[in-house]
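Data block below; observations after.
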Amino acid sequence: MLDPKLLRSDLDAVSQQLARRGFTLDTGTLQTLEERRKAIQVETQELQAERNSRSKGIGKAKAAGEDIAPLLKEVEGLGDQLKAKEQELALLQDELTGLLMGIPNIPHESVPAGKGEEDNPVLRTWGEPTAFGYEARDHVALGEQLGQLDFEAASRLTGSRFCVMQGPLARLQRALTQFMLDTHTRDHGYREVYVPYLVNADSLRGTGQLPKFEEDLFRTSGEADYYLIPTAEVPVTNLARGSILEADQLPVRYTAHTPCFRSEAGSYGKDTRGMIRQHQFEKVELVQLVAPGQSYDALEQLTGHAETILQQLQLPYRVVTLCSGDIGFSAAKTYDLEVWLPGQQKYREISSCSNFEAFQARRMQARWRNPETGKPELLHTVNGSGLAVGRALVAVMENYQQADGSIQIPDVLKPYMGGIEVIEKT
RNA sequence: GGAGAGGUGGCUGAGUGGUCGAAAGCGGCGGUCUUGAAAACCGUUGAGCCGUAAGGCUCCCAGGGUUCGAAUCCCUGCCUCUCCGCCA
């Protein structure tokens with residue numbers, strides 16, 4: 001959520017900045033609602049003040065043993081009048097916050113202009129696309145040939161966009177997960193957390209998935225109204241919801257491994273082959289809660305932490321800066337890491353690292369106590385995948401494939417593979 | 001699943017219809033004393049909204065209700081704890 005004060009004081013400037021990302025702000029409606037809200041709020045508060053002082057007077061009179069009947073007569077009707085105003089105000093406020101909750105974040109000034117994915121500039125490239133003396137197979141061919149990756153079984157068990165893995169390949173995914181968690185906790189100073197995979201609507205509002213993107217989520221149908229998490233960002237960032245952190249606790253760095261569930265509504269026909277786009281996938285997430293002055297440094301740092309994983313796995317990748325037209329709803333700035341996939345002869349997103357500034361913190365009321373002012377102020381939140389495990393598995397399979405269809409184990413994963421150095425048909 | 005007890009400020013905890021945003025203690029901050037520290041003593045110490053300010057308003061788990069007036073009474077929900085049952 002944007003700062004309502006900013007919207008009041010600088011509506012046109014906000015509107016212009018949002019136009020960069022292709023969002024049209026309905027300034028007229030906003031202004032009208034805001035004016036009405038203010039008028040009604042003042043009236044309501046005046047009535048409340050009157051009720052309070054009258055009631056206090058009645059209390060005193062009663063204590064003094066006076067007859068309060070005439071005083072009661074005076075306040076007749078005041079209650080109803082107040083109730084009506086309060087209801088009017090509540091309605092207006094609901095409408096206003098509803099509108100506010102649907103406004104995306106303002107892109108940072110350093111975010112390049114652009115309309116969509118094709119306008120994202122490449123910031124840097126690491127490694128060279130892996131060369132093979134033959135036409136590289138994709139992970140589907142590799143995995144099925146090895147007899148360790150099965151989409152048919154998954155569609156029988158559930159439906160499309162799921163997979164079953166077996167044997168060393170299943171273990172390889174676990175190895176990737178362990179390696180990532182170990183690296184982030186040991187080398188990068190993150191604290192590992194285990195969190196629920198089902199969350200309530202408040203959490204999703206906090207990080208910005210609700211109210212706008214309900215159709216992307218799986219929702220439970222039982223008595224409890226819960227959602228399957230689309231990313232660990234939701235439960236992990238919401239750990240700070242409604243709390244005030246002390247300055248010496250910052251920065252807070254969390255990492256978590258969770259499955260992620262996405263309905264992928266609207267992506268019919270996209271990436272239908274393989275495990276690039278699944279309803280369920282594993283991800284290791286990095287989250288930082290930082291003082292506002294630190295968030296852009298933290299973004300660079302966190303992006304570097306995610307890159308470390310790719311480098312240690314010796315996977316070629318590049319970093320792109322999302323342009324103003326491609327950036328996500330809650331983010332002020334985002335870097336995507338794209339890994340080289342020989343099977344597609346393309347770079348594909350494997351991590352997305354964003355600074356949300358105070359956008360999520362305001363929705364969550366996640367604050368810190370600024371020692372300079374002594375007052376609670378909003379935190380900044382930064383997060384990124386470190387990395388998407390499913391896609392990392394795809395990348396390892398495709399980049400480490402050998403002519404005979406076997407897959408070598410990257411050196412850094414060998415300690416996690418129990419002596420397996422090459423995945424072969426078993 | 002059955003029975004019961006609760007949810008109050010950073011923490012412990014008092015408050016069961018009126019001047020209560022809320023006693024007391026702890027913790028925090030500032031000071032006195034001290035070479036320094038501790039102890040003791042004094043003061044101070046929740047969050048948000050409107051307002052230049054004075055001041056006003058809201059918040060005692062959440063949402064409804066009763067009342068001139070609700071932290072306090074009633075209803076619903078959520079959460080926590082205890083006992084029994086069941087269970088990974």
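Note: hydrogens, waters and symmetry copies are ignored here, and every other heavy atom, side chains too, is used. Each chain gets a letter, A, B and so on, in the order the sequences are listed, and its residues count up from 1.
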A/Arg54 with A/Glu50: basic N within carboxylate O range, under 4.0 Å: yes

Protein-nucleotide distance (A/Gln93, atom CD; B/C49, atom C1'), rounded to Å: 9 Å

Of the listed nucleotides B/C79, B/G51, B/C57, the one nearest the side chain of A/Tyr226: B/C79

Atom-to-atom span, CZ of A/Arg369 to P of B/G10 - whole angstrom: 8 Å

Intermediate values then yes/no, side-chain hydrogen bond (donor to acceptor under 3.5 Å, both in side chains), A/Glu214 and A/Gln209: CA-CA 7 Å; A/Glu214 166 124 39; A/Gln209 284 78 13; over 6 Å; no

B/A14 - base-pair partner by Watson-Crick or wobble geometry, distances under 3.5 Å: none

Short side-chain N/O contact from A/Arg51 to OP1 or OP2 of B/U58, under 4.0 Å: yes

Closest approach of A/Lys212 to A/Phe329 (non-hydrogen atoms, all atoms of both residues): CD-CE1, 3.6 Å

C1' gap between B/G7 and B/A71, integer Å: 12 Å

OH-CG distance between A/Tyr335 and A/Asn355, expressed to the nearest 0.5 angstrom: 9.5 Å

Residue whose closest nucleotide on RNA chain B lies nearer the 5' end, A/Val75 versus A/Ser53: A/Ser53

Nearest-Å distance once atom C1' is located in both B/U82 and B/A62: 24 Å

d(CD1, A/Ile58; P, B/A70) in whole Å: 11 Å

Complement of B/G51, any strand, by Watson-Crick or G-U distances under 3.5 angstrom: none

Over all atoms of both residues, closest heavy-atom pair of A/Gly343 and A/Glu398: N-OE1, 2.8 Å

Watson-Crick/G-U partner (both atom distances under 3.5 Å) of B/A88: none

Separation between the C1' atoms of B/U12 and B/A22, rounded to whole Å: 16 Å

Spacing of the P atoms in B/C11 and B/G46 (rounded, Å): 14 Å

Any strand: nucleotide that pairs with B/G4 via Watson-Crick or wobble, under 3.5 Å: B/C81

Protein-nucleotide distance (A/Arg362, atom CZ; B/C49, atom C1'), rounded to Å: 15 Å

Interatomic distance where CD belongs to A/Gln365 and C1' belongs to B/C49 [whole Å]: 12 Å

Touch class at under 4.0 angstrom, heavy-atom based, for A/Lys73 against every strand present: nothing

Polar pair under 3.5 Å, donor/acceptor by atom type, side chain A/Lys62, base B/G18: yes

Span that lies between the P atom of B/G6 and that of B/U72, in whole angstrom: 15 Å

Given RNA chain B, 5'-ward residue of the pair A/Gln48 and A/Gln41, judged by closest heavy atom: A/Gln41

Atom pair distance, as rounded to whole Å: CZ in A/Arg241 and C1' in B/C61: 13 Å

G-U wobble or Watson-Crick pairing nucleotide for B/C41 (cut-off 3.5 Å, both distances): B/G31

OP1 or OP2 of B/U19 under 4.0 Å from side-chain N/O of A/Asn52: no

Spacing of the P atoms in B/G55 and B/U35 (rounded, Å): 43 Å

Considering only nitrogen or oxygen atoms on both sides, find all protein atoms under 3.5 Å from nucleotides 71-77 of chain B and state each distance.
none

B/G69 - base-pair partner by Watson-Crick or wobble geometry, distances under 3.5 Å: none

Minimum-distance nucleotide (side-chain atoms of A/Lys60 versus B/U19, B/C57, B/G48): B/U19

Between B/C78 and B/G63 - C1' atom distance, rounded Å: 10 Å

Check: A/His305 ring centroid to A/Tyr190 ring centroid under 6.0 Å: yes

Cationic N near anionic O, under 4.0 Å, A/Asp80 to A/Lys83: no

N or O in side chain of A/Arg37 less than 4.0 angstrom from B/C50 OP1/OP2: no

Distance, rounded to the nearest Å, where A/Asp80 contributes CG and B/U67 contributes P: 9 Å

Length of the CD-C1' vector between A/Glu66 and B/U19, whole Å: 15 Å

Pairing of A/Lys5 and A/Asp10 as salt bridge, 4.0 angstrom limit: no

C1' gap between B/C75 and B/U67, integer Å: 16 Å

Geometric class of the A/His188/A/His184 ring pair [parallel <30°, tilted 30-60°, perpendicular >60°]: tilted

Any A/Lys83 side-chain N or O less than 4.0 Å from OP1/OP2 of B/C68: no

Sugar-phosphate only, base, or nothing, as touched by A/Lys38 at under 4.0 Å among non-hydrogen atoms: sugar-phosphate

Nearest listed nucleotide, side chain of A/Pro376, among B/G18, B/G48, B/U19: B/G48

Minimum-distance nucleotide (side-chain atoms of A/Gln45 versus B/G69, B/C49, B/G48): B/C49

A/Glu35 bridged to A/Lys38 by N-O distance under 4.0 Å: no

